[in-house]
Visitor: 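Pasting in a structure now, in structure tokens, and then I'll have a few things to ask.
Every chain is numbered from 1, with letters handed out A, B, ... down the list of sequences. Source: prediction; values computed, not measured.
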2 protein chains.
Amino acid sequence: MAKRKVKKADTRSRQRMSAEDRKEQIVAAAIRLFSEHGFESSTHDLAKSLGVTQPAIYRHFPTKDDLVNAVYERVFLSEWRSSWDLILADRNVNIEDRLSAFYTEYTRRIFETDWSRIYLFSGLKRLQINRWYVALVEERVLGRIGAELRIAFGYPSAEEVPLTAEEIEALWLFHGGIFYYGVRDRVYGITPKVDSATAVELLARVVVGGMRTVLERIKFPAMAG
Amino acid sequence: MAKRKVKKADTRSRQRMSAEDRKEQIVAAAIRLFSEHGFESSTHDLAKSLGVTQPAIYRHFPTKDDLVNAVYERVFLSEWRSSWDLILADRNVNIEDRLSAFYTEYTRRIFETDWSRIYLFSGLKRLQINRWYVALVEERVLGRIGAELRIAFGYPSAEEVPLTAEEIEALWLFHGGIFYYGVRDRVYGITPKVDSATAVELLARVVVGGMRTVLERIKFPAMAG
DNA sequence: AAATATAGTTATTGTTTGATAACTTAGTTC
DNA sequence: GAACTAAGTTATCAAACAATAACTATATTT
């Protein structure tokens with residue numbers, strides 16, 4: 001990988017890659033480039049970063065749009081780790097520690113520089129894929145956390161009394177809060193004063209403290225007194 | 001404004017604007033265009049939206065970059081309302097209501113579609129202006145709120161014991177949370193299930209509940225017990 | 001009403017961009 | 001080892017872009 005650049009002018013001895021490998025490599029380089037300069041980055045620059053000519057990209061992707069879509073898929077459709085669900089569901093652990101453990105894992109993904117920047121670049125286009133992702137978070141993260149908090153605090157379960165819009169929205173405040181920690185760091189390039197582990201601990205703490213206050217003010221029909 | 005388009009071909013009767021007015025008009029149109037499609041929007045499209053030719057813009061702005069900077073200034077340097085400071089400082093009102101009132105006013109600005117989208121577009125460029133704005137928020141919003149919470153909860157004042165990095169970061173979680181409410185709505189185009197007034201009320205509630213928990217765990221040197 | 005200043009136009013330029021066509025050569029198949 | 005496949009190149013294109021030059025016509029000044 002480092003050696004190729006040396007034999008720059010001598011195209012005769014250039015290594016050729018399998019279509020599959022090259023395609024992967026192009027997507028990976030595109031993610032790096034797009035996350036830094038947006039999806040308007042030129043295919044010429046992309047090719048340069050790979051040490052190939054610009055038409056070479058068009059052998060693997062019919063249009064630039066196809067490449068962009070491949071980037072979306074690679075970034076957003078990277079599989080949802082089922083271990084994340086398990087962390088939240090483990091009632092042997094207290095809820096604050098579960099939240100801390102979950103967000104430690106989850107932020108490992110969303111705090112990746114590439115991930116958060118690509119997410120915002122695409123979000124600004126109001127794409128369907130962002131709507132889909134937001135719905136996913138609401139269902140698999142916030143819905144789960146909301147349900148566990150109900151149990152932890154001794155309120156009716158989410159099966160008995162579905163989570164209210166206020167509960168979900170309050171959970172969005174916290175979720176958005178930790179996401180925005182990553183935005184300040186990775187997107188704006190402003191290093192926060194506390195490291196991400198501390199931020200996650202703080203998050204777990206304020207979720208518990210804050211949601212207790214939210215739940216106190218909800219009138220649950222089936223409750224005594 | 002509506003009439004001009006009719007006499008399209010007849011340049012003889014076109015109204016001319018003063019340089020000052022036209023400059024204002026161009027900036028206003030640029031904010032609309034850039035907030036929707038980013039700063040890479042073409043000067044041709046901008047001119048079209050104004051019903052003038054593209055070189056006309058270059059009479060008022062030497063380069064596109066100068067226009068972009070004019071947009072930054074207009075969006076970010078819109079004056080800081082001193083009434084915002086007063087709302088937070090009024091100790092005759094309980095802290096939750098103050099927070100609610102403050103964020104009602106503050107979100108009126110940051111939830112403007114133009115504002116939040118331009119903010120993110122420029123943030124993705126890691127511009128100095130975003131660093132400056134983040135520092136402003138930290139000082140004039142979070143610093144103030146943190147200080148008032150200390151008083152409200154009976155802890156040592158921020159003058160006696162400066163706010164800790166954890167306190168500021170916890171306040172960032174909430175602030176980022178409400179900002180992200182606006183992002184979901186205005187940037188991604190996904191309408192949240194509760195309106196912004198409710199979101200602000202929830203915010204005030206969880207700030208009070210959450211920060212109480214955060215402050216409980218801080219060891220204040222001068223405290224008895 | 002002539003002279004001056006200037007907002008806006010038409011026409012054009014040099015670059016950058018996504019994309020295509022025709023060719024070359026590295027690797028594989030028989 | 002000849003024939004074939006396909007990864008990659010060179011050369012080129014048309015459209016879109018920021019920017020400039022030269023001109024036109026509308027105000028304002030005198």
Visitor: How many whole angstroms separate atom CD of B/E20 from atom C1' of C/dG8?
Guide: 18 Å

Visitor: Answer with base, sugar-phosphate or nothing: what part of the nucleic acid does A/S18 contact at a heavy-atom distance below 4.0 Å?
Guide: nothing

Visitor: How many whole angstroms separate atom CG of A/D45 from atom P of C/dT16?
Guide: 10 Å

Visitor: If only side-chain N and O atoms of B/S42 are considered, is one of them under 4.0 Å from the OP1 or OP2 phosphate oxygen of D/dA16?
Guide: no

Visitor: Calculate the interatomic distance between B/H44 atom NE2 and C/dT10 atom P; express it in whole Å.
Guide: 13 Å

Visitor: For D/dA6, take OP1 and OP2 only and decide whether either is under 4.0 Å from a side-chain N or O of A/H60.
Guide: no

Visitor: Would you call the rings of B/W80 and B/Y106 parallel, tilted or perpendicular, taking 30° and 60° as the class edges?
Guide: tilted

Visitor: Calculate the interatomic distance between B/D65 atom CG and D/dC17 atom P; express it in whole Å.
Guide: 17 Å

Visitor: OP1 or OP2 of C/dG8 sitting under 4.0 Å from any side-chain N/O of B/R22?
Guide: yes

Visitor: If we count only N and O atoms by modelled type, under 3.5 Å, do the side chains of A/D66 and A/T63 hold a donor and an acceptor together?
Guide: yes

Visitor: Within 45° of the axis and under 6.0 Å from the centre of the six-membered ring of A/W115, does NZ or CZ of A/R109 qualify?
Guide: no

Visitor: So if I take every side-chain heavy atom of B/Y58 and compare against D/dA27, D/dT20, D/dA6, which nucleotide ends up nearest?
Guide: D/dT20

Visitor: Choose from C/dA7, D/dA19, D/dG8 the nucleotide whose nearest atom is closest to any side-chain atom of B/Q54.
Guide: D/dA19

Visitor: Checking contacts here: which listed nucleotide (C/dG8, C/dG18, D/dA18) is nearest the side-chain heavy atoms of B/A56?
Guide: C/dG8

Visitor: Distance check needed: D/dT9 P versus A/L50 CG, whole Å only.
Guide: 11 Å

Visitor: What is the distance, rounded to the nearest whole Å, between atom CE of B/M17 and atom P of C/dA7?
Guide: 12 Å

Visitor: Nearest whole angstrom, please: distance from the C1' of C/dT15 to the NZ of B/K64.
Guide: 14 Å

Visitor: For a quick check under 3.5 Å, do A/E167 and A/T164 share a side-chain donor-acceptor pair by atom type?
Guide: yes

Visitor: May I ask you to verify if any side-chain N or O of B/T53 is less than 4.0 angstrom from the OP1 or OP2 atom of C/dT9?
Guide: yes

Visitor: Expressed in angstrom and rounded to an integer, what is the separation of A/K48 atom NZ from C/dG18 atom P?
Guide: 13 Å

Visitor: Can a side-chain donor-acceptor contact be found between B/Y103 and B/H175 if the only test is distance below 3.5 angstrom?
Guide: yes

